[in-house]
Colleague: 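I'd like to ask you about the structure that follows.
These numbers were taken from a predicted model, which means no experiment stands behind them.
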Amino acid sequence: MKKRISFLMALVMAVSLTACSSSDASGVSDQGSAGSEAGGGTEAKSSMPAGQGGAAEGSVNLTLMMPLGQWTDNFNTLIDSYKAEHPEIGTIEATFPSSDKYEDLMRAALSAGELPDIISLSYGVMQEQWFPYCVDLSTDCEAYKLLTEEQVKLGTTEYGMIIMPIYVEGTGILYNTKLLEDAGWDHTPETRDELAKLCQDLTAAGIKPFMHQWGETYLNLFNWVGPTWLGNKEGGGMDFLNKMLAGENMNLENDKEWNDFMDTYEILIQYAQEGAIATDKWTCRNAFFLEECAMLVGEGSWETPNIANTNSKLLDHVKQGVLPCSNDPEANYLQLQTIAAAVTDSKDPARVAAAKDFLSYIVSSEEARVWHQDTMGSPTSIVTLELSQNLPAIAADVVNLTKEGRASESMYSYIPSVLQTDLEEAWARFVAQNFSREEFTKRYEEIFSDYAAGNYN
């Protein structure tokens with residue numbers, strides 16, 4: 001894993017970006033038309049032409065489940081456009097649960113013998129328990145031909161090339177720049193000291209700095225924000241993480257990136273709202289969307305349609321920024337997560353072929369390019385797809401930070417899932433101030449050393 005994700009760099013350097021922040025997430029009618037007219041790029045054609053493939057009209061039904069709640073109100077656009085070209089498809093049932101419920105739903109589906117045809121799957125080891133149920137995508141999936149060598153390498157397991165990248169999300173801090181201006185700021189903080197000063201100035205101006213969603217220990221503490229310190233390390237933290245997992249004593253107490261991160265968290269804790277440790281994500285999101293606080297930590301570019309649905313005017317002055325841990329601006333990196341999917345083996349050849357084809361469609365078709373970028377505000381992973389001039393502002397910030405070499409793939413999906421519960425508990429106790437900084441550091445190290453000793457097997 002390279003710190004500068006090469007396939008995204010190729011995407012952002014291949015085109016000139018003009019951001020437009022007036023996205024309407026309720027549909028693709030206006031922006032979709034504009035994006036389609038722009039044309040260009042290379043897209044995968046369907047490998048299963050309409051009415052062919054030996055399947056009778058309406059005879060193939062598909063299911064999809066991915067933890068992407070922001071797709072709930074918009075995904076029918078792609079279902080309808082795909083079915084219009086494929087009369088062999090009867091129904092496509094798509095479910096988008098919260099990411100903290102996704103694994104439980106998957107286990108229930110497995111027990112019932114009804115795994116969805118298309119599921120969420122990430123690079124790394126986080127979801128490796130699902131690898132044996134997935135099929136190789138190097139055949140009958142046209143989008144495979146458009147992947148870079150690095151994408152193929154990252155998506156290949158002992159079961160073949162099973163992980164198909166769709167798009168990239170960036171997460172750090174979302175800023176309401178209008179509220180920052182009300183506190184006398186004309187830029188977002190680039191260093192930890194600036195973040196502390198901004199919090200002081202916002203508070204003095206009667207503006208709430210943060211709404212922290214620390215009741216969401218999985219989403220906010222373990223997933224979105226927790227690995228940031230690793231991503232700020234040379235090489236993106238992969239070597240350091242592997243050494244921790246192998247049981248090496250990495251001396252976190254004296255580690256620079258860890259201590260920078262802890263220093264930043266002490267600022268976040270100082271300016272947390274009352275009851276932050278019990279506050280859920282939607283309470284915090286809605287407070288930010290309704291401009292009741294200036295910053296939202298651990299949210300990112302995927303919030304474009306949610307903001308558009310709640311308060312579209314906010315899109316005119318919202319900005320995606322890094323979590324500024326270090327006082328060296330060049331040492332702070334936006335965290336990226338590649339959102340990817342896989343096809344499961346239903347043992348029905350026609351159904352598997354249709355699932356591969358539909359996955360290819362939502363990854364690389366022109367309709368999907370427009371939908372992902374213009375409607376959902378997500379930079380697509382296929383580097384030959386044209387970067388839309390209608391890309392909303394938050395996603396444009398992600399692209400620009402990546403182009404500047406200031407983004408790093410999150411190590412979240414490279415942390416074994418068996419560590420999740422204990423890491424969540426340690427994080428929760430720290431932000432609740434039941435753990436001191438020293439106790440948290442010690443417990444964090446202990447979890448990894450226990451893993452290396454085989455205590456989680």
Side-chain angles (χ1 to χ4, degrees), residues 27-29 32-33 35-36 43-97 102 105-106 109-110 112-121 130 133-146 161-167 339-372 375-376 378 380-382 385:
V28 296
S29 55
S33 299
S36 297
E43 61 177 289
K45 301 302 180 182
S46 171
S47 61
M48 184 183 291
Q52 297 185 22
E57 183 173 339
S59 64
V60 180
N61 298 319
L62 298 176
T63 55
L64 176 151
M65 185 164 70
M66 300 183 72
L68 301 171
Q70 66 271 27
W71 284 15
T72 302
D73 297 327
N74 299 285
F75 192 68
N76 279 342
T77 298
L78 294 187
I79 292 177
D80 293 344
S81 61
Y82 183 77
K83 287 181 63 178
E85 300 175 5
H86 292 267
E88 74 278 3
I89 301 298
T91 62
I92 300 177
E93 295 184 7
T95 306
F96 304 107
Y102 176 73
L105 291 173
M106 284 287 290
L110 178 62
E114 298 176 351
L115 277 178
D117 296 294
I118 298 175
I119 64 173
S120 176
L121 206 60
W130 301 112
Y133 303 99
C134 299
V135 300
D136 184 87
L137 299 175
S138 63
T139 60
D140 302 321
C141 186
E142 290 296 303
Y144 172 81
K145 300 174 184 177
L146 304 179
M161 211 305 294
I162 63 174
I163 303 173
M164 176 64 68
I166 305 174
Y167 69 93
I339 303 304
V343 171
T344 62
D345 188 0
S346 64
K347 308 302 181 183
D348 179 342
R351 190 169 151 191
V352 169
K356 286 185 176 183
D357 196 66
F358 184 54
L359 177 57
S360 181
Y361 183 84
I362 65 177
V363 168
S364 60
S365 68
E366 174 64 9
E367 291 82 358
R369 180 191 74 82
V370 172
W371 185 79
H372 285 302
T375 301
M376 304 309 297
S378 302
T380 49
S381 290
I382 301 298
L385 294 182

Colleague: Are side-chain N/O atoms of Ser81 and Tyr361 paired as donor and acceptor at under 3.5 Å?
Modeller: yes
Colleague: I'd like to check Leu137 versus Val343 (side-chain heavy atoms, cut-off strictly below 4.5 Å). Are they in contact?
Modeller: yes
Colleague: Indicate yes or no for a side-chain donor-acceptor contact from Asn61 to the backbone of Thr91 under 3.5 Å, with no hydrogens or angles considered.
Modeller: yes
Colleague: Going from OG on Ser59 to CD1 on Ile89, what distance comes out if it is rounded to the nearest 0.5 angstrom?
Modeller: 7.5 Å
Colleague: Report yes or no: do Thr375 and Asn74 form a side-chain donor-acceptor pair below 3.5 Å?
Modeller: no
Colleague: Closest approach of Phe96 and Leu68, non-hydrogen atoms and distance?
Modeller: CB-O, 3.3 Å
Colleague: How close do Leu359 and Ala341 get, heavy atom to heavy atom, and via which atoms?
Modeller: CD1-CB, 3.7 Å
Colleague: Distance from Tyr167 atom OH to Ile339 atom CD1, nearest 0.5 Å?
Modeller: 4.5 Å
Colleague: Which heavy atom of Ser120 sits nearest a heavy atom of Tyr102, and at what distance?
Modeller: N-OH, 2.9 Å
Colleague: What is the minimum heavy-atom distance between Leu121 and Ala342, and which atoms define it?
Modeller: CD2-CB, 3.5 Å
Colleague: Would you say the side chain of Asp345 lies within less than 4.5 Å of the side chain of Lys347, judging by non-hydrogen atoms?
Modeller: yes
Colleague: Check Leu385 against Ser364 and note the closest heavy-atom contact, atom names and distance.
Modeller: CD2-O, 3.6 Å
Colleague: Apply side chain to side chain contact (heavy atoms under 4.5 Å, CB included) to the pair Arg351 and Leu62, showing each step before the final yes or no.
Modeller: CA-CA 7 Å; Arg351 190 169 151 191; Leu62 298 176; 3.9 Å; yes
Colleague: First locate atom OG of Ser365, then atom CD of Glu142, and finally report the distance between them rounded to the nearest 0.5 Å.
Modeller: 12.5 Å
Colleague: Are any of the side-chain heavy atoms of Cys141 and Asp136 separated by less than 4.5 Å?
Modeller: no
Colleague: Side chains of Asp80 and Leu78, heavy atoms from C-beta outward: is any pair under 4.5 Å?
Modeller: no
Colleague: Determine whether Ile362 and Phe358 make a side-chain contact, defined as any pair of heavy atoms from C-beta on separated by less than 4.5 Å.
Modeller: yes
Colleague: Find out whether Met164 and Lys356 are in side-chain contact, i.e. whether some heavy atom of one side chain is under 4.5 Å from a heavy atom of the other.
Modeller: no
Colleague: How long is the span from the OG atom in Ser138 to the CD1 atom in Ile162, to the nearest 0.5 Å?
Modeller: 11.5 Å
Colleague: Rounded at 0.5 Å granularity, tell me how far OH in Tyr133 sits from CD1 in Ile119.
Modeller: 10.5 Å
Colleague: Between Glu85 and Glu367, does a side chain to side chain contact (heavy atoms under 4.5 Å, CB included) hold up when you go through it step by step?
Modeller: CA-CA 12 Å; Glu85 300 175 5; Glu367 291 82 358; 3.8 Å; yes
Colleague: In terms of relative ring orientation, are Phe75 and Trp71 parallel, tilted or perpendicular, with 30° and 60° separating the classes?
Modeller: parallel
Colleague: Where do Pro165 and Val363 come nearest, in terms of heavy atoms and distance?
Modeller: O-CG1, 3.5 Å
Colleague: Any side-chain to backbone donor/acceptor pair from Thr344 onto Pro116? Under 3.5 Å, distance only.
Modeller: yes
Colleague: Are side-chain heavy atoms of Asp357 and His86 found at a separation under 4.5 Å?
Modeller: yes
Colleague: Using a 3.5 Å distance criterion without hydrogens, assess whether the side chain of Asp117 forms a donor-acceptor pair with backbone atoms of Thr63.
Modeller: yes
Colleague: To the nearest 0.5 Å, what is the distance between CD (Gln70) and CE (Met376)?
Modeller: 5.0 Å
Colleague: So Pro97 and Met65, do their side chains get closer than 4.5 Å, heavy atoms only?
Modeller: yes
